[in-house]
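Values below: all heavy atoms of this structure, side chains included; hydrogens, waters and symmetry mates excluded. To find a chain, count down the sequence lines: A is the first, B the second, and so on, and within it residues start at 1.
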Amino acid sequence: MTVANDISLPDRVQSANKTSTFPAKSVLLGFLTSAIVVFCVFPFLLVLAISFGRKVDGAAWVWDFTLENYQRFFVGVLWPQEVTFLYLQQLYYSFYFAVIASLLAVVTALPFTLALTRLSRRAQAIWLVFILSSLSLSEVFIVMGWDILLSNNSGLPKLFKETGLTAWLKEVGWFQTLRDWGLANPRNVKFKTSDFATILTMSYLVWPYAVILLYPALSRLDPSLGEAARTMGASRWTVTRTVTLPSIRLPLMGTTLLLFVFLLGTYVSITVFAAPNKHTTAVAIYANIRGANLNAPFGATQAIILLISASVCLYLGHLLNRRAEGR
Amino acid sequence: MNVHWNQYEWTRTALCLSESWELKGLNMSNLTRRALLKSGVAGVAATTLATPLIAQARSVKIGSYGGYFENSFKEYVYPEFTKATGIAVESITQPNSSDWLVTLRQAVAAGNIPADISLFARDTMIKATRIGDLIAPLDLTKIKGAGNLDSYFVFEGKDGPQGVGAMSWFSAMVFNPNEVETPASWADFWDSSRFEASLGLGRNYNAGLLDFTAATFFDGAETMMSDDGIVAIIEKVAELKPNVALWWTAESQMEQSMKNGDVVAGQYYLDVANLMALDGFPIKPTFPKEGNLQDYGSWCLTAGSDKADEAAEFMNFSSEPSIQALMSRKIGTAPLVDKSMTDLTDDEFNFVSGTPAIKPAYEAYLDNETFIKESWDKMLAEA
């Protein structure tokens, strides 16, 4: 404050004029560039650098330049005596869950959003605000909610038991099949841990995003196109297949890819609902960096490989789009 | 001012709740969840004593795991220490053991001393001494009380004594008394006719199942010293998989699953299991014939701290049987001194401790951690 008082008024006006004459555009550009460098490029380079570090058993890790972590990702730490594809399997399950859950979310959100665009303006606004506000729920809360809904004493299994469905399943002998599939214990059905619960929660997690991303494109859809096709004798399904879907192909692809990339890093749903033999790279990264064994270099390696795999997927999606455009 | 302080505490507790889902490991990081459980039992968490505002001639900064645990220290232990010695305590919040090691390492490298005394689990303490220049050697002539502890709890690092035991905790066998008979041995868990898809066990390689299995079917920690031994133990654990319904990482997962009936037996913390049972939930801890896993925390002096004398006085104080008993009563930790030295009743003692105690195979976990972790993860992933 004292400094500000010391500056005489004309000086301050002059300096203000100076900044305004300075090209504001390049200042903004410089600021944005430095923000990107500081917040994106630098942390990424740091992770890249750490991925070449070396773990010291029984202690922490040290800076180094070794490719052992990358080798370990593909063949395991004991290579060449022994080979394991553990980390590739984890990467596979990252994709497995993300692909299925994002597809499921988009496929279910599409008819909903289509129906939404045909409501009155007021109803649309209410729905959109409701869906937007549900985005404020964190993954932890959503998983907690589903955890309770699928619990033995307070959720779906309780419903099975109370309605006599469990007893009926036992009678007809299907209960044994459920036990073989890991969806029941001797007492009742169980949904944790299962692919069903994992995919359900992950789709639920991104479903509002799917609606919000699809809404702009669907609301711009010209209803007269479909109506014209109908008057020419096309069935409802033919209209959907040949008119509606092709005209929203791009937003549909974009939404699916975005949700897919978002779901690649899912952590809480997987740790809670997925069986340990289907745990993903994201879970493994966390276990290495924050867990008791302090192996940040290997965690960083897994992160880099996950990033590269995601980028490859996005690029392939882009290529596919371009080919479809060209046709 | 007081109101503000309480609000702050509550906000932090709420944050801990969401965080506790993500925290995991053998360390006591999960205490945050237990904190809520316990404060629920004890009613509203009592007011925390703020650090005295008036600067005192002598002071020391002591770290402990944030949440109920740290609050109990601030409320029951530190005031007693200040009364006895005139040394003021500034309490420092540690997230847990292993994350604090990362923080401490960065701080010391930057020339800071975030706490004069840190609380470390044994494996993290050994890691810290191996990393070097983090933990200073102690002058045991000034810590006479350490003589009360079993020599195992005074850690000899490469530069001399580097840690004095603070308190210990058990990871115990628990079961739902409404659903199953009391298991007599850990081996009972392998019996699919009793426990098919019904157990809740720790997911991390160092959460205790390896130690239980080694103690039940092999020669304990001895077997863990060789790669072949580890492979044999892990193969034995693999046979258990059809009986496991939940491989938990966050303590809250196991708590919820026992309450909800998703699992009917497994491993869990002894003191929390007792608290849950007091609250009427269907859970009962038991000591099977092989015993339960006992881990412990140590007070360690940060290298470069100029409060070595004050730290020594605190370690001396915390080693006294009366203070060990105070911690057992107020915080739920097991004492590190013989029960006969304390005035704990049998009930009070059994609430926090028992026999036999299995000691984690620390050396194997440290020297061979990459191999054990990958073999364990492979077994779980069926890769």
Side-chain angles (χ1 to χ4, degrees), chain A residues 55-60 62 72 76-78 84-90 93 138-141 143-144 147-148 150-155 157-158 179 182-188 190-193 267-268 271-272 275-279 283-284 286-296 298, chain B residues 17-19 21-27 97-99 101-102 105 121 123-124 126-128 130-132 179 193 195-198 203-206 241-242 244-247 249-250 252-253 256-257 259-264 363 365-371 373-375 377-378 380-383:
Chain A
K55 159 81 182 155
V56 182
D57 259 4
V62 288
R72 182 180 173 193
V77 77
L78 289 179
T84 173
F85 302 120
L86 169 66
Y87 306 106
L88 287 171
Q89 182 186 317
Q90 287 169 343
Y93 280 113
S138 77
E139 188 188 356
V140 176
F141 279 103
V143 171
M144 263 167 109
D147 194 24
I148 292 167
L150 297 173
S151 286
N152 188 50
N153 288 351
S154 48
K158 182 80 172 174
R179 272 170 81 170
L183 286 174
N185 58 35
R187 294 170 298 283
N188 199 354
K190 73 173 179 74
F191 299 108
K192 300 179 298 186
T193 53
Y267 177 79
V268 187
T271 43
V272 173
N277 61 351
K278 291 182 178 169
H279 274 191
V283 176
Y286 187 90
N288 275 307
I289 292 178
R290 285 291 297 268
N293 67 332
L294 303 178
N295 195 347
F298 190 54
Chain B
L17 171 67
S18 56
E19 219 167 64
W21 280 73
E22 297 175 11
L23 294 175
K24 43 191 211 153
L26 176 69
N27 49 51
S97 217
S98 48
D99 285 339
L101 177 60
V102 180
R105 195 182 173 200
D123 56 345
T124 321
I126 296 177
K127 276 189 183 180
R130 289 188 184 177
I131 292 169
E179 298 279 354
S193 66
F195 292 108
E196 184 193 326
S198 306
R203 190 227 182 275
N204 288 334
Y205 69 103
N206 56 1
K241 282 168 68 180
V244 182
L246 170 76
W247 291 97
T249 46
S252 55
Q253 286 177 278
Q256 281 304 325
S257 295
K259 284 182 180 175
N260 287 330
D262 289 331
V263 301
V264 298
E363 277 181 60
Y365 285 129
L366 287 164
D367 293 332
N368 211 358
E369 62 176 336
T370 306
F371 174 75
K373 185 180 184 326
E374 189 166 295
S375 307
D377 287 345
K378 257 162 62 182
L380 282 182
E382 292 156 14

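Distance check: A:N277 CG to B:W247 CH2 gives 11.0 Å after rounding to the nearest 0.5 Å. The CG atom of B:N260 sits 5.5 Å away from atom NZ of A:K192, with the distance rounded to the nearest 0.5 Å. Atom CD of A:Q90 sits about 6.5 Å away from atom CG of B:D377, to the nearest 0.5 Å.
Residue B:D367 touches chain A through its backbone alone, counting heavy-atom pairs closer than 4.5 Å. Heavy atoms closer than 4.5 Å to chain B are found in the side chain of A:Y87, but not in its backbone. Neither the backbone nor the side chain of B:V244 has a heavy atom closer than 4.5 Å to any heavy atom of chain A. Contact annotation for A:S154: only side-chain heavy atoms (C-beta onward) come within less than 4.5 Å of a heavy atom of chain B. In this structure, chain B has a heavy atom under 4.5 Å from the backbone of A:A184, while its side chain stays farther away.
Judged purely by distance below 3.5 Å, without hydrogens or angles, the side chains of B:R203 and A:T271 never pair a donor atom with an acceptor atom.
The shortest non-hydrogen separation linking B:G261 to A:N153 is N-ND2, 3.7 Å. Listed here is the closest heavy atom pair of A:R187 and B:A197: NH2-O, 4.5 Å. Listed here is the closest heavy atom pair of B:E374 and A:L78: OE2-N, 4.3 Å.
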Carefully, step by step, assess A:Q89 and B:E382 under the rule side-chain contact (heavy atoms from CB on, under 4.5 Å).
CA-CA 10 Å; A:Q89 182 186 317; B:E382 292 156 14; 5.6 Å; no

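Ionic pairing of B:D262 and A:K190 is not present here: no N-O contact between side-chain nitrogen and carboxylate oxygen is shorter than 4.0 angstrom.
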